[in-house]
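A quick write-up on the structure given underneath.
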Amino acid sequence: MSQSTLPSFKTIFRELYPGMVRIALFYIHDLPTAEDITQEVFAKLWEKRKQLETIDNLKGYLSYAVKNHCLNHLKHQQVITKHQQEYLKQIATDDRPDEFIQKVQTSLGKLPPKRRQILEMSIVQAKSYQEIADQEGISVNTVKDHIKKAYAFLRKDIHRNIPDFILFIAFQTATLLQTDKIN
């Protein structure tokens with residue numbers, strides 16, 4: 001395509017985006033993820049917009065790019081799922097999951113109240129370190145220190161070197177169970 005006959009990026013996006021989302025949806029089966037992947041492809045196309053004139057079949061090029069991004073996403077999801085299953089097996093080898101959650105819940109109760117509160121704000125409320133620091137009137141480094149020491153204590157108290165991801169799940173579950181008991 002010559003520069004003079006090349007449609008605007010806005011026109012390309014408007015015309016091709018819906019079809020590219022459908023292609024992504026064929027592979028991903030989740031509309032928000034399919035839209036995100038398609039938007040990533042268009043963002044990369046925008047970054048390379050000066051090279052658009054070298055692409056003879058833009059629709060084919062985008063279809064191929066969306067398909068490849070989807071396949072990469074699926075591979076990544078398989079890796080994540082595999083690791084999650086391995087972590088859950090690690091828990092299951094020593095304890096039943098409910099026993100493990102009970103251990104974490106007991107350990108959480110042993111944390112100093114301020115440390116537990118900061119950990120809960122980070123994990124359950126998904127607040128950034130800066131948000132916690134602002135709310136508590138402390139420095140970001142103090143927040144980091146509280147969280148680091150909380151994780152270290154929990155690992156030591158439970159006698160396991162457990163990845164943060166597992167503590168995250170256990171903490172959320174323990175907090176939800178505790179909330180249910182109160183209500």
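Treat the numbers as computed from the prediction; the structure is a model and nothing was measured. Residue numbers count from 1 along this sequence.
Rounding to the nearest 0.5 Å gives a distance of 10.5 Å between NE2 of H146 and CD1 of I132. Taken to the nearest 0.5 Å, the CD1 atom of I118 stands 8.0 Å off from the OG1 atom of T142. To the nearest 0.5 Å, atom CG of residue N141 and atom NZ of residue K148 are 11.0 Å apart. If you take OG1 on T38 and CD1 on I23, they are separated by 8.0 Å, rounding to the nearest 0.5 Å. Note that CE of M121 is 9.5 Å distant from OG of S128, once rounded to the nearest 0.5 Å.
When side chains are defined from C-beta on, Y27 does not count as touching I37, because their heavy atoms never get closer than 4.5 Å. Side-chain contact between L45 and L58 is present, with heavy atoms from C-beta onward closer than 4.5 Å.
For the pair M20 and V66, the tightest heavy-atom approach, listed with the atom from each and the gap, is O-CG1, 3.6 Å. Taking both residues in full, the closest heavy atoms of V21 and L31 are given as CG1-CD1, 3.8 Å, listed atom of the first, atom of the second, then distance. A34 approaches L25 most closely through the heavy-atom pair CB-N, 3.7 Å.
Here K110 pairs with D157 under the salt bridge (Lys or Arg N to Asp or Glu O under 4.0 Å) rule; sequence neighbours left out. Every residue two or more places apart in sequence or in another chain was checked for a ring-ring contact (aromatic ring centres under 6.0 Å, His included) with F26, and none qualifies. Partners of K10 under the side chain to side chain contact (heavy atoms under 4.5 Å, CB included) rule, at least two apart in sequence or in another chain, are S8, R14. Checked against salt bridge (Lys or Arg N to Asp or Glu O under 4.0 Å), K59 has no partners two or more places apart in sequence or in another chain. Among residues two or more places apart in sequence or in another chain, the side chain to side chain contact (heavy atoms under 4.5 Å, CB included) test is passed with D30 by I28, P32, T33. Among residues two or more places apart in sequence or in another chain, the salt bridge (Lys or Arg N to Asp or Glu O under 4.0 Å) test is passed with E40 by none. Every residue two or more places apart in sequence or in another chain that forms a ring-ring contact (aromatic ring centres under 6.0 Å, His included) with F13 is listed here: Y17, F42. By the salt bridge (Lys or Arg N to Asp or Glu O under 4.0 Å) test, D145 is found to be paired with K149, residues two or more places apart in sequence or in another chain being considered. In this structure, the side chain to side chain contact (heavy atoms under 4.5 Å, CB included) partners of A150, at least two apart in sequence or on a different chain, are L111, R115, L119.
Annotation: salt bridge (charged side-chain N to carboxylate O under 4.0 Å, His left out) contacts involving residues 124-143, sequence neighbours excluded, comprise K114-E136. Pairs of residues two or more places apart, or lying in two chains, that qualify as side-chain hydrogen bond (donor to acceptor under 3.5 Å, both in side chains) and include a residue from residues 63-77 are K44-H69.
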